[in-house]
Amino acid sequence: MAGIGFALRKLMRHKDYLGVVRAYSYAGIIGAGPWVISILGVILLGFLSLNHVFPPRLISEFQTSVTYLIASSLIFSGVWQLAFTRYVADRIFDREHDRVLPNVNGLLVVAMACAFALAALAALFLFANTGVVYRLLMTTLFSLLTGIWVVAVMLTGLKHYRAIVISFAVAYGVMLGIGLLMRPYGLIGLLVAFLLGQCLLFAGLLGAVTRDYPSPNLLAFDFLKRGRMYPSLLACGFLYNAAIWADKFVFWFTPDTSQPVIGPLRASAIYDLPIFLAYLAIIPGMAVFLMRVETDFVEYYDRFYEGVREGASLSYIRNMRNGMVTSAKTGIFDIIKLQSLTTILAFVVGPSVLRALGISLLYVPLFKIDVVGASLQVALMGILNIFFYLDRRARVVALTAIFFGLNLGLSILSTDLGLYFYGYGFSVSLLVSVLVGLVWLDRDMEAVEYQTFMLQPWTH
């Protein structure tokens with residue numbers, strides 16, 4: 001589990017600029033790679049199909065369909081993502097490695113079967129005016145993506161970053177290649193290419209689990225037993241994913257900001273492109289996030305809790321606690337500082353980039369506020385990650401609930417107020433969440449020794 005930290009620390013041993021650049025570049029690719037690959041893969045396939053798919057609206061139908069699939073499957077699978085990752089981490093901590101693979105397979109059976117049933121009902125009643133092949137592909141893809149997110153988040157939690165990035169790169173590369181060949185078949189051809197790419201991605205992720213956690217058993221449902229998965233993690237997994245997409249759904253289903261695309265699916269031409277381009281600005285923050293957490297903070301964190309478990313001296317425990325607190329605060333503020341610089345740079349070069357892509361400069365104000373929101377989201381991820389390490393699950397549930405409630409409510413308000421307020425619901429909700437998170441994190445860090453010792457299951 002500490003492999004990524006060792007790799008980053010090894011790169012950082014070279015104190016010259018080249019060593020630092022290599023370390024942060026590696027962290028950026030590992031941290032933001034899957035996000036960037038996914039976004040660029042789908043956009044690039046649509047762009048390369050412009051002169052080959054007729055009528056052109058089929059490209060919009062493809063990109064809209066994929067966006068809804070990703071959004072809905074992330075929200076649906078969010079219920080299991082974090083809770084099951086914690087279950088697997090507990091099994092590894094208890095040295096029950098042989099239980100990982102069969103329970104992963106068990107969860108995939110449950111989650112993907114539920115997803116298929118839900119998608120089949122939606123295809124039957126909500127997509128009645130679309131073709132049978134389209135409905136079958138959408139149902140299959142929703143079930144498959146649900147399985148992918150469960151395994152991908154679990155591997156992320158266990159720090160198998162390299163396997164995730166390689167799987168995403170290969171899968172989306174293959175999808176792009178097949179998509180170019182399938183362009184003459186229009187929407188169905190592009191969806192088939194996307195399906196084949198996701199099948200390869202699913203196989204790669206599940207292969208990493210099979211390789212690293214071999215087991216004589218194939219299937220188990222131990223995770224369903226009472227007390228095996230925490231309700232708080234079930235809640236915050238769902239709330240976090242729902243919060244991220246809340247503003248998008250508001251703009252998609254507000255008549256004044258969207259238009260119908262295919263079946264019940266709608267898209268917002270004015271909102272979608274700026275927000276997805278803004279997410280490309282998270283790469284620097286993700287690099288710092290991964291570097292700080294996986295090197296300085298984790299090193300002190302491990303030593304602190306190892307000292308508590310093994311009865312180290314009070315002075316040693318206090319020194320490790322001070323190092324952990326300092327590294328956590330430094331990491332969060334480094335993310336904020338770097339993303340602030342990235343935001344300023346995006347403000348400066350944003351108009352030129354949009355002009356080069358042939359996008360109207362009317363999108364510039366919305367692009368700027370979305371960049372601010374995306375940067376704040378990286379900071380919130382850092383705060384939530386520290387809370388997870390401290391096992392402060394109630395804090396995470398509260399923060400994700402604040403983010404979800406504010407993003408939904410303020411986004412609805414922004415659509416009522418008009419064009420100049422678009423995007424502010426997303427950014428303001430994240431600003432409030434980050435500020436509240438920082439206050440809570442400061443309090444918990446000051447009391448980390450007390451909380452740690454008071455929560456120990458002491459025996460007499």
Side-chain angles (χ1 to χ4, degrees), residues 1 5 78-90 92-93 153-154 156-159 227-244 289-290 292-294 296-309 317-318 320-336 376-406 429-458:
M1 289 172 62
V79 177
W80 294 291
Q81 289 173 8
L82 298 178
F84 186 73
T85 299
R86 174 60 185 267
Y87 165 80
V88 172
D90 287 344
I92 294 173
F93 184 80
V153 171
M154 187 203 76
T156 301
L158 300 180
K159 309 181 196 256
R228 287 298 195 179
M229 293 206 296
Y230 295 99
S232 56
L233 293 180
L234 296 172
C236 67
F238 171 79
L239 287 170
Y240 180 72
N241 284 288
I244 289 175
F289 165 69
L290 201 63
R292 290 300 187 184
V293 170
E294 298 300 341
D296 299 339
F297 176 78
V298 167
E299 190 171 353
Y300 284 111
Y301 172 90
D302 288 339
R303 292 178 180 177
F304 173 77
Y305 284 100
E306 183 180 2
V308 172
R309 289 194 302 270
I317 291 174
R318 282 180 173 171
M320 294 305 103
R321 175 261 180 200
N322 292 337
M324 183 173 67
V325 171
T326 301
S327 60
K329 292 181 177 180
T330 301
I332 297 297
F333 284 110
D334 280 352
I335 293 172
I336 294 174
L376 287 169
Q377 187 176 326
V378 181
L380 181 62
M381 289 171 60
I383 293 169
L384 294 176
N385 200 60
I386 300 299
F387 279 134
F388 278 129
Y389 269 105
L390 300 178
D391 202 25
R392 303 290 287 163
R393 286 171 276 125
R395 296 290 203 203
V396 177
V397 174
L399 274 180
T400 51
I402 290 172
F403 179 23
F404 173 68
L406 287 178
S429 64
L430 278 161
L431 176 61
V432 174
S433 301
V434 168
L435 292 177
V436 172
L438 287 173
V439 172
W440 287 350
L441 184 61
D442 183 65
R443 291 177 182 175
D444 287 349
M445 280 298 187
E446 292 301 321
V448 69
E449 289 171 289
Y450 171 78
Q451 292 171 354
T452 300
F453 280 99
M454 291 303 294
L455 291 174
Q456 293 300 310
W458 304 114

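Computed from a predicted structure; not experimentally measured.
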Visitor: Measuring from Leu376:CG to Ile335:CD1, what's the distance to the nearest 0.5 Å?
Guide: 11.5 Å
Visitor: Minimum heavy-atom separation for Tyr305 to Leu390, with atom names?
Guide: OH-CD2, 3.9 Å
Visitor: Might you point out which heavy atoms bring Tyr230 and Ala83 nearest each other, and give the distance in Å?
Guide: O-CB, 4.1 Å
Visitor: List the residues meeting ring pair (Phe, Tyr, Trp, His ring centres under 6.0 Å) with Tyr389, not counting sequence neighbours, and say none if there are none.
Guide: Phe297, Tyr301
Visitor: Inspect the surroundings of CZ in Phe238 and state if more than 12 heavy atoms from other residues, nucleotides or ligands are less than 6.0 Å away.
Guide: no
Visitor: From Phe388 CZ over to Leu82 CG, what is the distance, rounded to the nearest 0.5 angstrom?
Guide: 4.5 Å
Visitor: Looking at every heavy atom in both Ile336 and Ala379, which two are closest together, and how far apart are they?
Guide: CG1-CB, 4.1 Å
Visitor: Write down the atom of Ile383, the atom of Ile332, and the distance for their closest heavy-atom approach.
Guide: N-CD1, 3.6 Å
Visitor: For Arg443, give me all partners under side-chain hydrogen bond (donor to acceptor under 3.5 Å, both in side chains), at least two apart in sequence or on another chain.
Guide: none
Visitor: Under the side-chain hydrogen bond (donor to acceptor under 3.5 Å, both in side chains) rule, collect the residues that match up with Asp444, sequence neighbours excluded.
Guide: Arg392, Arg395
Visitor: Can you list everything that forms a side-chain contact (heavy atoms from CB on, under 4.5 Å) with Arg321? Sequence neighbours excluded, please.
Guide: Phe304, Val325, Glu446, Val448, Glu449
Visitor: Rounded to the nearest 0.5 Å, what's the gap from CG on Asn322 to OH on Tyr300? Could you check?
Guide: 9.5 Å
Visitor: As an exercise, state the distance from NZ of Lys329 to CG of Asp442, rounded to the nearest 0.5 Å.
Guide: 4.0 Å
Visitor: Could you grab the distance from atom CE of Met324 to atom CE of Met320, nearest 0.5 Å is fine?
Guide: 10.5 Å
Visitor: Within the 4.5 Å heavy-atom criterion, are Phe403 and Leu384 side-chain neighbours or not?
Guide: no
Visitor: The criterion is side-chain hydrogen bond (donor to acceptor under 3.5 Å, both in side chains); which residues satisfy it with Arg393, sequence neighbours excluded?
Guide: Ser232, Asp391
Visitor: Return the CG to OG1 distance between Leu233 and Thr85, rounded to the nearest 0.5 Å.
Guide: 9.0 Å
Visitor: Please table the atom pairs, donor to acceptor, closer than 3.5 Å between any side-chain atom in residues 431-439 and protein atoms at least two apart or in another chain.
Guide:
from	atom 1	to	atom 2	distance (Å)
Ser433	OG	Ser429	O	2.8

Visitor: Does the side chain of Trp80 come within less than 4.5 Å of Met154's, by heavy atoms?
Guide: no
